[in-house]
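Report on the following structure.
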Amino acid sequence: MKVVITVIGEDKTGIIANVSKTLWENGVNILDISQTIMQEYFAMIMMADISGMEIPFGELKKKLEKVGDSIQMDIRVQNEKIFKAMHQI
Amino acid sequence: MNQYKKIMETIQMIDREKLDIRTITMGISLLDCCDGDGEKARNKMYEKIVRKAEKLVATGEDIASKYGIPIINKRISVTPIALVAGASADESYVAYAEMMDRAARETGVNFIGGFSALVQKGFTKGDKILIDSIPEALSVTERVCSSLNVGDTRSGINMDAVKLMGDVIKRTAYLTRENDSIGCAKLVVFCNAVEDNPFMAGAFHGTGEADSVINVGVSGPGVVKSALEKVRGESFDQVAETIKKTAFKITRAGQLVAREAAETLGVPFGIVDLSLAPTPDVGDSVARIFEEMGLGAAGTHGTTAALAMLNDAVKKGGIMAAEHVGGLSGAFIPVSEDEGMIEAVRSGALSLDKLEAMTCVCSVGLDMIAIPGETPAASISGMIADEAAIGMINNKTTAVRVIPVHGKGFGEEAVFGGLLGTAPIMKVNPFSSELFIARGGRIPAPVHSFKN
C-alpha cells in the first residue's frame, strides 16, 4: 500500500532526517521525496510504500505525529488513493 | 499541474476550506421485524439495528484516519416506523422512538432517522398513530429524527396531513420549549421525499431499498467558494466550469469513502448524495458563495439565479464522479446552519418570501427557519402547502423544517448549538390561512403534459 506523507511548517534543519529515521525504523520504504514552499510555509512530500511495515497504520500515524510535535511541524500520512480519486479520471 | 501540487491542493481543501465527508448513513430495513406484540417488535428492531450498525462508527473513524479526511457524522436510517409498527396493537409509538434512541446511543451514531410516515395519498392506522406520537417522541428522545411525506407529483397533496402537521409542529415546539423548541429541528415535512437520503433530519430507509445499505453525503461549500475566488470578475461560463470541476473532486472523495465503508461493513453501496451542506462554522457557508459570485448578501436580487446555477453545476460535476448518485443532491440552504445565511437574515437582506423563491431551484426547501412562537398552526400548514405545491409541480423534493420558537418573537434568536446552529426569528405573513387549511381533502395530482 502506498501512502503520501506531508510535512508542513517552518523550514528548519533535520526535517528529512527525523521523518526518514522513523520510517526506516518501522520498515517503510521511501519511494520519492519533494520539497516546495507553499505560501509562507515549507512543505515536504514523501511517497512511501508501507507493504513491508511491521506496525498497524494507526500506530505509524501516531509515531509520525509525535515526531511532528518534537520538531514543530504538521505531519500527515494518507493513503494515496484519496489524491488519485480526486485528481484523476 | 504536477502531482505534488495536487497533493497540496487536497490538503489545503481539507485543512483550510473544510472539505469533509458530511455523513456515512447506514440504511436498515425493519420490514422483517413486524410483530403483533409491540414489545417483541421493538426488541427485534433494536437487535437488528445494533447488530447491523455495530461497526459503523469505528469503520467511519478508520476510514477518516486512513485517508486523512474528516467524516463528521455516522448515522442510521430505518424503514418508516409507521409501516412496521402498524402490525402491533399499540396506541402510541413513543416507545418505538425510545427504542431508536437507545439503539443510536448503543451504536454511537449522533442521529437516527425514520420515525416517519408516507401519507401523500391517505392515512393508515399506523400513520395516524405515528403522527399523533411525534411531539412526545421528539421531546423524550435526543437523537431521533422524524419526517413525513405529505405529497408527491403523482399523487397530489394530502391537505389533511398538511393541516395535521401544522398542529404537530406547534405541539412539538411547546413540548421542547425549554430548549428553544429544538424538537422541531428534528422534524421535516416533505413533498416527493426520497428513499435514500443520507442527510438528517429527513433520512429514512425506503421500502424499495436492500436490507441494509451505505449512503454517503459529501459537503464542501468552503471549497467551492475558494475555487470561485480564483475566477473573480469572469463570466458565468467560467463560474459554472469552476463549480463543476470542484464538485467532481469533492464527490470523488465521497465515492472513495462510500465504497470503502460498504466493503468493510459488508453492506451494499447505495448512493453518494452530492450536496453542498453548510455548517455554522466560518468558511463553510453556501451564502458566502453567492457573495463570491458578486451579490451583496444572500437574499438580494439575483440570489435565485445564483442558486439555480450553483445547484445545477454541483450536480453536473458530481454525477460523473460517482457510480450512483441519489438522495437530495444539490445545495442546501438552511438558515440556522449557515453562518452567511444567519448574517443575511440579521441584516434584513434575506426574507422568508425570498427563501421560498430559492426553494424552487435548490435541493430541498424551507430549512431550519425560526419563526415566532405565536405563529398560528394554520400559517405553518400554509407554508407546508406552498412548499409541497412547488415540489409537486416541479417534480422535485421540497421540505419544510420550521421552528415556531415558543415564547420568542421576531427580532429574537433561537440557539440550538452544534451543527444545528443559531436562528434569528423571521417575520411571518400576518394574514390568515385558517379557512384555506380548514378545507382538508386532497389537492389533485397535476397534469404531466402541456408544460409551459
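Proteins get letters first, then strands, A, B, ... in listed order; numbering begins at 1 in each.
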Honestly, the part of A:Lys61 sitting under 4.5 Å from a heavy atom of chain B is side chain
What distance do A:His87 atom NE2 and B:Lys249 atom NZ have between them, rounded to the nearest 0.5 Å?
5.5 Å
Between A:Met86 and B:Glu9, does a side-chain contact (heavy atoms from CB on, under 4.5 Å) hold up when you go through it step by step?
CA-CA 10 Å; A:Met86 287 177 73; B:Glu9 185 190 319; over 6 Å; no
Quick check on A:Val3 against chain B: is it the side chain, the backbone, both or neither that has a heavy atom closer than 4.5 Å?
neither
I need the A:Phe83 CZ to B:Gln3 CD distance, nearest 0.5 Å.
10.5 Å
Of all heavy-atom pairs between A:Gln88 and B:Arg252, which one has the smallest distance, and what is that distance?
O-NH2, 2.6 Å
Which bit of A:Ile8 comes within less than 4.5 Å of chain B, counting heavy atoms only: side chain, backbone, both or neither?
side chain
Hey, could you give me the CD1/CD1 distance between B:Ile7 and A:Ile45, rounded to the nearest 0.5 Å?
5.0 Å
Output the distance between atom CG (A:Asn79) and atom CD1 (B:Ile63), rounded to the nearest 0.5 Å.
11.0 Å
Over all heavy atoms of both residues, which pair between A:Phe57 and B:Ser65 is shortest? Give the atoms and the distance, please.
CE2-O, 3.6 Å
Side chain / backbone / both / neither for B:Leu19 at chain A, heavy atoms under 4.5 Å:
side chain
Might you work through the side-chain contact (heavy atoms from CB on, under 4.5 Å) test for A:Thr36 and B:Lys5, ending with a clear yes or no?
CA-CA 9 Å; A:Thr36 171; B:Lys5 252 185 153 174; over 6 Å; no
Just checking A:Met1: does its CE atom have more than 12 heavy atoms from other residues, nucleotides or ligands closer to it than 6.0 angstrom?
yes
For A:Glu10, is the CD atom crowded, meaning more than 12 foreign heavy atoms sit under 6.0 Å from it?
no
Hey, what do you get for CG (B:Leu256) to NZ (A:Lys84), rounding to the nearest 0.5 Å?
12.0 Å
Could you check which of B:Asp62, B:Thr251, B:Ile69, B:Asp15 has the highest count of heavy-atom pairs closer than 4.5 Å to chain A?
B:Asp15
Within a strict 4.5 Å, meaning less than it, do heavy atoms of the A:Asp32 and B:Tyr4 side chains meet?
yes
Value for OG1 (B:Thr10) from CZ (A:Arg76), rounded to nearest 0.5 Å, stands at 11.0 Å
Measure distances from A:Ala85 to the heavy atoms of chain B and classify the residue's part below 4.5 Å as side chain, backbone, both or neither.
both
